**Student:** 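The structure follows.
Throughout, a chain's letter reflects where its sequence line sits, starting with A, and its residues are numbered from 1. Only heavy atoms go into these numbers, but all of them, side chains included; no hydrogens, no water, no symmetry mates. These numbers were taken from a predicted model, which means no experiment stands behind them.
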Amino acid sequence: MELLLHPFPSLLHPKPHHFPPQFPSKLRHGRLQEPVMASPQAPPLTLPLSLQETRSAAHRHDRSSSIQEAGARPPGPPARVEPRFVAETKLITVHSCAGRLGDARKVFDGMRHRDLLAWSAMIGAYAIRGMYGEVVALAVSMVEEGVLPDRFLITRILQACAYADDLELGRMLHSVAVKRGFMGRVRDVPVGNSVLVMYAKCGDLVCARKVFEKMACRDLGTWNSMIFGYCQSADWEEARRLLDAMRQEGTEPGVVTWNTLISSYARSGDLDVAMELLGQMEESGVAPDVVTWTSLVSGLVHMDRSDEALRCFIRMRLAGVEPNGMSIASAISACACLKLLNQGRELHSHAIKVGSVNNVLSGNSLVDMYAKCGEIVSAQRIFSEIPEKDIFSWNSMIAGYAQAGYCGKAYELFCKMENYDVRRNVITWNTMISGYIRNGDDERAFELFQMMESYGVKRDTATWNILIAGSVHNGYYDRAFRIFRQMQSLLMRPDYITILSIIPAFANLIASWKVREIHACVFHHNLELDGKIANALINAYSKSGDLASACAVFDMHPSRNIISWNCIILAHLLHGSPNEALILFSQMKQEGVLPDHTTLVAVIKAYGLMGKISEGSQTFLNMANDYNITPELDHYVAMVDLLGRSGRLKEAYELIDAMPLIPNSTVWEAFLSAAVRHGNVRLAHLAARELSAIDPGDHRVQRLASSLQDLTGKSVDVPKETAPNKGRKSDEVEGCSVEIRNNVYVFSNGDIVGLEDTVAELKSMMIKMGHSMLDIGVGSLDVEEEKEEIVGVHCEKLAIAFGISNSSHFKKIRIIKTARMCNHCHSFAKLVSKKYERHILIKDPKCLHKFEDGKCSCEDYW
DNA sequence: TTAGGGTTAG
C-alpha cells in the first residue's frame, strides 16, 4: 500500500541498475524537475457512465480497479465527472475515427481537465497511425500531469517506446507495470509481452530475457517476442533453441513464429536457411501466409536474386495466397532489377485491382521500375499520382531522371522537394551527385559533395564510393585513388563496394603497389574477403603482373565459384602458363564446378598456346554435348587462333566460312595475325579487307598491315583511314608508361624532349649489344646517327632504357603500351633481358609479354 | 491488449 501511495520511491534513491528498473529521478532532461505524484487536488477520475456503456464489462472492471491501484485519489465516495469532459473525450474519438487528427488534438489541447480516458483516446489516435514519436511525447506529459496508464494504455505506450527506441520511458513504464501489478496474472500476459518486446526492440536483450524468465505465464506471443529479440540481434542459435524449447513446453510455433525466423534469415541474406525453414513450416502443418512469402521475395531481391524472387512470388500465387500491396511492391522491385517491363506492367494492373496502387509503397516501387526500364514518362505519371509522397518517392524519381541523363529535371525535383516538407536525406544527395558524375559533370558533383554537410547531411561510405566509381568511370584513375586515400584519412570506413569500384582501375602492370595497398586496406578494415572481392583481387594481381599473389588469394578463397576459377585460369593464360591453366580446369571439374562460356574459351586458347590442335578442337566440337554450351563468337576466335598459330590457315578460313554466326572483327583479326605470322600475303590481304569492311579506318588494321609489310617487304593494300579512329579515346596519347619505385613515367613515340640521358643510355645499351641490333633489323634506327634521327624510336625502347638505368637490378621492369609491340621492340626486349639479366614485363592491348633470359612468354606469337 | 513482411543511391 505504501508503494501505491508513493509510486516513485526510486526518485529519492535512484538505483540505475536495479531490475526491474526503478523510476528515474528525471524522466527526461529538464522535463521532470520534481518527483511526480498524483496530485491531491486531482479531479475526480470515476469512469463516466456514458462511455462505460460503450466498453466491455471486462474493460470496465479493469479500469475501475486500475484507478484504485494507482492511488490517484484518496479513498472515498466516487467523484462526479463534469459531462463536458466526457463530451470532449467522445469528440476526440469521433474526430480521430473520421481522420481529423488535427481537430482531435485541438479538442484535447483545449481540455481544462484530462482524465485517463482523454489521454487514452488521444494517444490511441496517434498509436493507431503509427505516430510513435507523438505517443511517447504525450505519454511523458501524461505522467507529468500525474495520470498513470492502465494495463491497456501501457501496452500501447510500450509499443511506441519499442518503435521510437525510447528505452528510458520504456524502463519507467516497466516499473509502473510491476508496481501496479500488471505483470503477474494470466490476463496480464500482453503487458509482459509488450515490456519484453520493448526491451528487445531497444536492443536490451538481457532485460528482455529477464522479463521472459520471470513471467509466470507465457503465451505464444511471449515466445514469439523472445525469438524476435534474438533474431534481431542475429543470435540465430538462441532463437532456434527457443523454438525447440517452446515445443518441449507444449507451445507449437505458429505462423508468426515461423515468419519471425524466416524473415530475419531472409533479411540477413541467408536465403537457403530461410527456404529450409519454409519447408519445416509447411511440414509442421502451418501454411505460409502473405508475410512469409513477402519476406522471402524481398530477401531474394536484396540478395540480387530477383529471378528467384519472382518465382517465389508465383509460388505464393499458386499456393492460393492473395498478394497485397507489400508483396506486390517487392515483386515490382524484382522486375525493376531485371528490367522486366511487361511483368512490371502486369503487377501494376494487379496493384490497381487490389487497390494498392495509390499506396505510397507500391507507387514508389512502380516509379523505380518504370524509371529503370527507361519509361521515364510513366514513372513521372505514377510519381505525380502518389498522394502523399515520401522520401522514397522523391529519391526514386530523382534517380530516374538522373539515370536517364536528365540531370536538370532531377535537380529541379531535388530543389523542390523540401517545399513539400520532405527533407533531403543522404540518399537524395548521393543520387544527385551520382547523376552528375555519371553524366560527366564532375564539377557539379564535387560542388554538391562539398555542400551537403553544410546542409546538415552527413556523408556516408556510399557518398565516397560514388565519387570513386564516378572518377574511375570517367577515366580519372589517380583522382579515384586520391579520394580513396582521403576517405581513409578521414576515418571513413571503406566497404566492399569501395574496393570493387577502385580495383579495376589498377588492374595493370604499372599499379601493382596500388593493388597491394587496396588489398592491405581489405585486411586493415577487416572487410570480409567475400567472393566478389577475392575474385577482383585475383584478377587485379594477375593483370598487375603478380601471378603468385593471384594464386595466393585463390588458394585462400572462402567461396570459390565459376568466376573465381575463370579468373585464375585466365591469369595463367595471361602469364603464358597454359599447362597450369589446363591443370586448374581439371581440378575445377573434380570439385564439381561446371565450366561456363568463358572457361571454355580459356581452355581452347590454352590448347592453342600449347599447340594441342586435336584436344582444342575436340573441346570446341563437344562443348554443346558435354556442357550444353553453344559455341559463340569468342569460341570461334579461340579456334581460329588455335588453328592459325599452327599455320593451319586453310582450316581456319574454312571454319570462319562455315560458322553459323557473322564473323566480327575479332575473328578476322585473329585470322590476320596468323596470316601475317606465317607470311601468307594473300590471306592477310583477304583478312585486312574483311576487317576494313567491318570497321573502316580501324587503326589496328593499319598497324597489322604495316607489320605484314615489315615482315614480307611487300606492300599490303588496305583502304586508308576514312573514318575517325575507333577503339581508343580521342584524347588518349599513343605511347607507353613505365613504373619505377611507385612512380609512373609516360613516354610517347619519338618524344625525346628532356630525355637526353635516357637516349644516351639507350645508345650505350645498343653499343653494348653491338651487332645483335643489326641482326634484328633496326630499320631507321642507327646508333651512330645523331639524336634527331632517333625520333622514330618506339617508346618502349626508351622506357626499357629508362627502367634499366633507374631501377635496382632485382626489380622487374613493368611497362604498359597503348599499341601492340612491333617485332623490332620485341626482339630488343628479349636481348636486353638476356644481356642485362633483367625481367621485363610489357603489356600491349593484346598480350602480356614476360621477357626473361632472352625469351618471351608469348613465344613470339601475339 | 502482445508477436512477423516493404519501397530509393554507390
**Student:** Do the side chain of A:Ser295 and the base of B:dG5 come within less than 3.5 angstrom through a donor-acceptor pair of N or O atoms?
**Tutor:**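 Such a pair does not exist between side chain and base.
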
**Student:** Of the listed nucleotides (B:dG5, B:dA9, B:dG6), which one gets closest to any side-chain atom of A:Ala462?
**Tutor:**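 Selected nucleotide (nearest to the side chain): B:dA9.
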
**Student:** Between A:Glu213 and A:Lys210, does any side-chain N to carboxylate O distance fall below 4.0 Å?
**Tutor:**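 Salt bridge between A:Glu213 and A:Lys210, a charged N being under 4.0 Å from a carboxylate O: no.
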
**Student:** Decide if atom CD of A:Glu388 counts as having more than 12 heavy atoms of other residues, nucleotides or ligands within a radius under 6.0 Å.
**Tutor:** no

**Student:** At less than 4.0 Å, is any side-chain N or O atom of A:Ser298 found next to OP1 or OP2 of B:dG6? Yes or no.
**Tutor:** yes

**Student:** Taking A:Arg151 for the side chain and A:Asp188 for the main chain, is one N or O donor matched with an acceptor at less than 3.5 Å?
**Tutor:**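 No.
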
**Student:** Does A:Asp270 have any side chain to side chain donor-acceptor pair (under 3.5 Å) partners at least two apart in sequence or in another chain, and if so, which?
**Tutor:**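 Testing A:Asp270 for side chain to side chain donor-acceptor pair (under 3.5 Å), a comparison that skips the adjacent residues, returns none.
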
**Student:** By nearest atom, which of the nucleotides B:dT2, B:dG5, B:dG10 is closest to the A:Pro190 side chain?
**Tutor:** B:dT2

**Student:** State which of B:dA9, B:dA3, B:dT1 makes the closest approach to the side chain of A:Ser225.
**Tutor:** B:dA3

**Student:** Side-chain N or O of A:Gln403 less than 4.0 angstrom from OP1 or OP2 on B:dT8?
**Tutor:**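 False: A:Gln403 side-chain N/O out of range (4.0 Å or more) of B:dT8 OP1/OP2.
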
**Student:** Which one, B:dT2, B:dG10, B:dT8, comes nearest to the side chain of A:Asp495?
**Tutor:** B:dG10

**Student:** By centroid distance (under 5.5 Å) and plane angle (under 30°), are A:Phe392 and B:dT7 in a stacked arrangement?
**Tutor:**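 Stacked: ring centres under 5.5 Å, planes under 30°.
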
**Student:** Could you tell me how far apart A:Arg267 (CZ) and B:dT7 (P) are, to the nearest whole angstrom?
**Tutor:**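 Going from CZ in A:Arg267 over to P in B:dT7 covers 10 Å.
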
**Student:** Go through the N and O atoms of the side chain of A:Asp289 and the base of B:dG5, and report whether any donor-acceptor pair is under 3.5 Å.
**Tutor:** no

**Student:** So which nucleotide from B:dA3, B:dG5, B:dG6 ends up closest to the side chain of A:Ser330?
**Tutor:** B:dG6

**Student:** What I want to check is whether an N or O donor and acceptor connect the side chain of A:Asp460 with the base of B:dG10 at under 3.5 Å.
**Tutor:** no

**Student:** Name the nucleic acid region contacted by A:Ala329, choosing base, sugar-phosphate or nothing; use a 4.0 angstrom heavy-atom cut-off, strictly under.
**Tutor:** nothing

**Student:** Please determine if a side-chain N or O atom of A:Arg438 lies less than 4.0 Å away from the OP1 or OP2 oxygen of B:dA9.
**Tutor:** no

**Student:** If you assign A:Tyr163 and A:Val191 each to the DNA chain B nucleotide with the nearest heavy atom, which residue ends up on the more 5' nucleotide?
**Tutor:** A:Val191

**Student:** Of the nucleotides B:dA9, B:dA3, B:dG10, which has the atom closest to the A:Leu220 side chain?
**Tutor:**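 Closest nucleotide among those given: B:dA3.
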
**Student:** For the pair made of OH in A:Tyr436 and C1' in B:dG10, what is the distance, rounded to whole Å?
**Tutor:** 18 Å

**Student:** Does a side-chain N or O from A:Thr260 land closer than 4.0 Å to OP1 or OP2 of B:dG5, or not?
**Tutor:** no

**Student:** Would you classify A:Thr461 as touching base, sugar-phosphate or nothing, given that sugar-phosphate means primed atoms plus P, OP1 and OP2, and contacts are heavy atoms under 4.0 Å?
**Tutor:** base

**Student:** Find out whether the Lys NZ or Arg CZ of A:Arg444 is both under 6.0 angstrom from the six-membered ring centre of A:Tyr411 and within 45° of the ring's axis.
**Tutor:**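 Cation-pi check for A:Arg444 and A:Tyr411: passes.
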
**Student:** Assign A:Ile466 to base, sugar-phosphate, or nothing according to its heavy-atom contacts below 4.0 angstrom with the strands shown.
**Tutor:**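 Answer is sugar-phosphate: A:Ile466 comes under 4.0 Å of backbone atoms only.
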
**Student:** Can you name the one residue among A:Leu277, A:Leu278, A:Leu296 that meets side chain to side chain contact (heavy atoms under 4.5 Å, CB included) with A:Tyr265?
**Tutor:**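 Per the side chain to side chain contact (heavy atoms under 4.5 Å, CB included) rule, the option paired with A:Tyr265 is A:Leu277, out of A:Leu277, A:Leu278, A:Leu296.
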
**Student:** Could you tell me which non-hydrogen atom of A:Leu116 sits nearest to which non-hydrogen atom of A:Pro149, and how far apart they are?
**Tutor:**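 The answer is CD1-CA, 4.0 Å.
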
**Student:** For the side chain of A:Gln403 and the backbone of A:Ala371, is there at least one donor-acceptor N/O pair under 3.5 Å apart?
**Tutor:** no

**Student:** Figure out the CD1/C1' separation between A:Ile437 and B:dG10, and round it to whole Å.
**Tutor:**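 In whole Å, B:dG10 C1' and A:Ile437 CD1 are 11 Å from each other.
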
**Student:** Of all the nucleotides listed (B:dA9, B:dG6, B:dT1), which has the minimum atom distance to the side chain of A:Asn430?
**Tutor:** B:dA9

**Student:** Look at A:His302 and B:dG6 and indicate whether a side-chain polar atom (N or O) is within less than 4.0 Å of OP1 or OP2.
**Tutor:**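 No, outside the criterion.
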
**Student:** Identify whether any heavy atom of A:Val367 sits under 4.0 Å from a base atom; if not, whether one sits that close to sugar-phosphate; answer base, sugar-phosphate or nothing.
**Tutor:**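 Nothing: the residue A:Val367, judged by heavy atoms under 4.0 Å, touches no strand.
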
**Student:** Over all strands shown, is A:Val255 touching base, sugar-phosphate only, or nothing at heavy-atom distances under 4.0 angstrom?
**Tutor:**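 Result for A:Val255 = base.
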
**Student:** How many whole angstroms separate atom CH2 of A:Trp258 from atom C1' of B:dA3?
**Tutor:** 16 Å

**Student:** Take the protein atom CG of A:Asn324 and the nucleotide atom P of B:dT7, then report the distance between them rounded to whole Å.
**Tutor:**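 Checked: the CG to P distance equals 13 Å.
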
**Student:** With respect to the phosphate group of B:dT7, does any side-chain polar atom (N or O) of A:Lys389 fall under 4.0 Å of OP1 or OP2?
**Tutor:** no

**Student:** Looking only at side-chain atoms of A:Thr155, point me to the closest of B:dT7, B:dG10, B:dT2.
**Tutor:** B:dT2

**Student:** Whether A:Arg156 contacts B:dT1 is assessed here as follows: a side-chain N or O lying under 4.0 Å from the phosphate OP1 or OP2. Is that the case?
**Tutor:** no

**Student:** Without decimals, in angstroms, what is the distance between A:Arg151 CZ and B:dT1 P?
**Tutor:** 13 Å

**Student:** Rounded to whole angstroms, how far apart are CD on A:Gln232 and C1' on B:dA3?
**Tutor:** 12 Å

**Student:** Can you tell me which nucleotide in B:dG5, B:dT7, B:dT2 comes closest to the side chain of A:Ser365?
**Tutor:**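 Closest of the options to the side chain of A:Ser365: B:dT7.
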
**Student:** From the list B:dG10, B:dA3, B:dG5, which nucleotide is the closest neighbour of the side chain of A:Val197?
**Tutor:**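 Selected nucleotide: B:dA3.
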
**Student:** Please classify the nucleic acid contact of A:Thr431 as base, sugar-phosphate, or nothing, using heavy-atom distances under 4.0 Å.
**Tutor:** sugar-phosphate

**Student:** Could you check how far CZ of A:Phe182 sits from P of B:dT1, rounded to whole Å?
**Tutor:**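 To the nearest whole Å, that distance equals 15 Å.
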
